[in-house]
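What follows is a set of notes on a single structure, which appears directly below.
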Amino acid sequence: MELDIQEKIGQFEIFINDVLKEDLAQLEKKLDEKNSEIAEFLQLKSVITTFKNIGADKDGYKTKVDMGNNIFVQAHVEDASHILLDVGLGHFVEFTLDEALSVIDVRIKLFEKQVENLRKEIAKTNAHIKLLLIGIRDLQGMDKE
């Protein structure tokens, strides 16, 4: 009987370490990726809003472009009324600044929904780990009796 309990405890520990903790690490990696995508879109939204506020969409603007190895070149953008936005799979679509803002808002809401779902999955996986740890502790308590 005691040998069976020790074998079950070992199987539970292997399952926790090999399956559940690996799933948890993958979910956390996906969560980090989604959060960084949200941050990129929020930054883009901020840049577009700034362009609209200072009138850069009509008058253009001057900027410095990094050519690599921290070598910068001055550039002048004459028409900033349209922007190319990556819509996925390497495809870019030209939008006006207002259209781009609405697309960005939709994408941010989508990513926030995905983040919410990932957080629920992480909580579920953590609950499974805790449940199995409680089960192991109970089995070890039975073993001592």
Side-chain angles (χ1 to χ4, degrees), residues 4-143:
D4 289 339
I5 292 174
Q6 291 301 325
E7 188 176 313
K8 287 290 183 195
I9 290 173
Q11 289 173 347
F12 286 147
E13 288 174 346
I14 289 171
F15 181 72
I16 289 171
N17 291 326
D18 292 349
V19 177
L20 292 179
K21 287 190 177 180
E22 183 64 32
D23 289 348
L24 189 61
Q26 289 176 359
L27 288 170
E28 288 174 348
K29 182 180 175 187
K30 286 180 185 178
L31 181 64
D32 289 342
E33 290 171 1
K34 296 298 176 189
N35 282 329
S36 67
E37 288 182 31
I38 289 173
E40 286 178 20
F41 275 105
L42 288 172
Q43 183 179 9
L44 180 60
K45 184 177 179 178
S46 173
V47 168
I48 292 172
T49 304
T50 302
F51 280 175
K52 289 181 66 171
N53 289 342
I54 64 171
D57 55 336
K58 298 173 186 122
D59 303 331
Y61 62 96
K62 285 185 177 180
T63 185
K64 290 185 180 181
V65 178
D66 187 0
M67 299 298 288
N69 292 332
N70 289 326
I71 298 173
F72 290 88
V73 176
Q74 280 192 347
H76 179 72
V77 177
E78 294 176 7
D79 181 18
S81 62
H82 288 77
I83 187 171
L84 291 175
L85 192 61
D86 185 2
V87 293
L89 298 174
H91 296 288
F92 291 82
V93 176
E94 185 175 344
F95 292 104
T96 64
L97 296 183
D98 291 327
E99 291 171 339
L101 285 174
S102 62
V103 169
I104 289 169
D105 287 337
V106 169
R107 295 284 296 270
I108 288 173
K109 287 178 185 174
L110 173 70
F111 286 133
E112 286 173 345
K113 198 67 146 170
Q114 290 173 346
V115 163
E116 181 182 326
N117 290 337
L118 284 170
R119 286 188 176 142
K120 286 179 184 177
E121 286 297 318
I122 288 172
K124 223 185 275 187
T125 304
N126 278 327
H128 288 148
I129 290 172
K130 287 181 182 179
L131 184 64
L132 284 174
L133 289 174
I134 290 170
I136 289 172
R137 189 182 68 209
D138 288 348
L139 284 174
Q140 288 172 337
M142 286 177 49
D143 187 30

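Along the sequence shown, the residues carry numbers beginning at 1. If you're wondering where the values come from, they're calculated on a predicted model, not measured in any experiment.
How far CD1 of Ile48 is from CG of Leu101: 5.0 Å, rounded to the nearest 0.5 Å. Separation of atoms CD1 (Ile104) and CG (Leu97) is listed at 9.0 Å; rounding is to 0.5 Å. With rounding to the nearest 0.5 angstrom, the CD atom of Glu99 is 9.5 Å from the CD atom of Glu94. A distance of 7.5 Å separates OG of Ser36 from CG of Asp32, quoted to the nearest 0.5 Å. With values rounded to the nearest 0.5 angstrom, Leu27 atom CG is found 5.0 Å from Thr125 atom OG1. Taken to the nearest 0.5 Å, the CD1 atom of Ile5 stands 11.5 Å off from the CG atom of Asp138.
Every side chain to side chain donor-acceptor pair (under 3.5 Å) that Gln114 has, sequence neighbours left out, goes to Lys34. Applying the side-chain contact (heavy atoms from CB on, under 4.5 Å) test to Gln43 and every residue at least two apart in sequence or in another chain returns nothing. Residues meeting the side-chain contact (heavy atoms from CB on, under 4.5 Å) test with Lys30, sequence neighbours left out: Leu118. Looking at residues two or more places apart in sequence or on another chain, you find a side chain to side chain donor-acceptor pair (under 3.5 Å) between Asp98 and Lys52. Under the salt bridge (charged side-chain N to carboxylate O under 4.0 Å, His left out) criterion, Lys45 pairs with Asp105, not counting sequence neighbours. Residues passing the side-chain contact (heavy atoms from CB on, under 4.5 Å) test with Glu33 are Lys29, sequence neighbours excluded. Partners of Glu40 under the side-chain contact (heavy atoms from CB on, under 4.5 Å) rule, at least two apart in sequence or in another chain, do not exist in this structure.
Each of Val19, Asp23, Ile16, Ile134 was compared with Ile129 under the side-chain contact (heavy atoms from CB on, under 4.5 Å) criterion, and only Ile16 meets it.
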For residues 69-87, dump all side-chain donor-acceptor pairs below 3.5 Å to protein atoms at least two apart in sequence or in another chain.
from	atom 1	to	atom 2	distance (Å)
His76	ND1	Tyr61	O	3.3
Asp79	OD1	Ser81	N	3.1
Asp79	OD1	Ser81	OG	2.7
Asp79	OD2	Ser81	OG	3.4
Asp86	OD1	Gly88	N	2.9

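Within the structure, ring-ring contact (aromatic ring centres under 6.0 Å, His included) contacts touching residues 4-42 (residues at least two apart or in different chains) are Phe41-Phe111. Residue pairs that meet the salt bridge (Lys or Arg N to Asp or Glu O under 4.0 Å) test with at least one member in residues 112-130, sequence neighbours left out, are Glu116-Lys120, Glu121-Lys124. Pairs of residues two or more places apart, or lying in two chains, never qualify as salt bridge (Lys or Arg N to Asp or Glu O under 4.0 Å) while including a residue from residues 62-74.
Taking 4.5 Å as the limit, every side-chain heavy atom of His128 sits out of range of all side-chain heavy atoms of Leu132.
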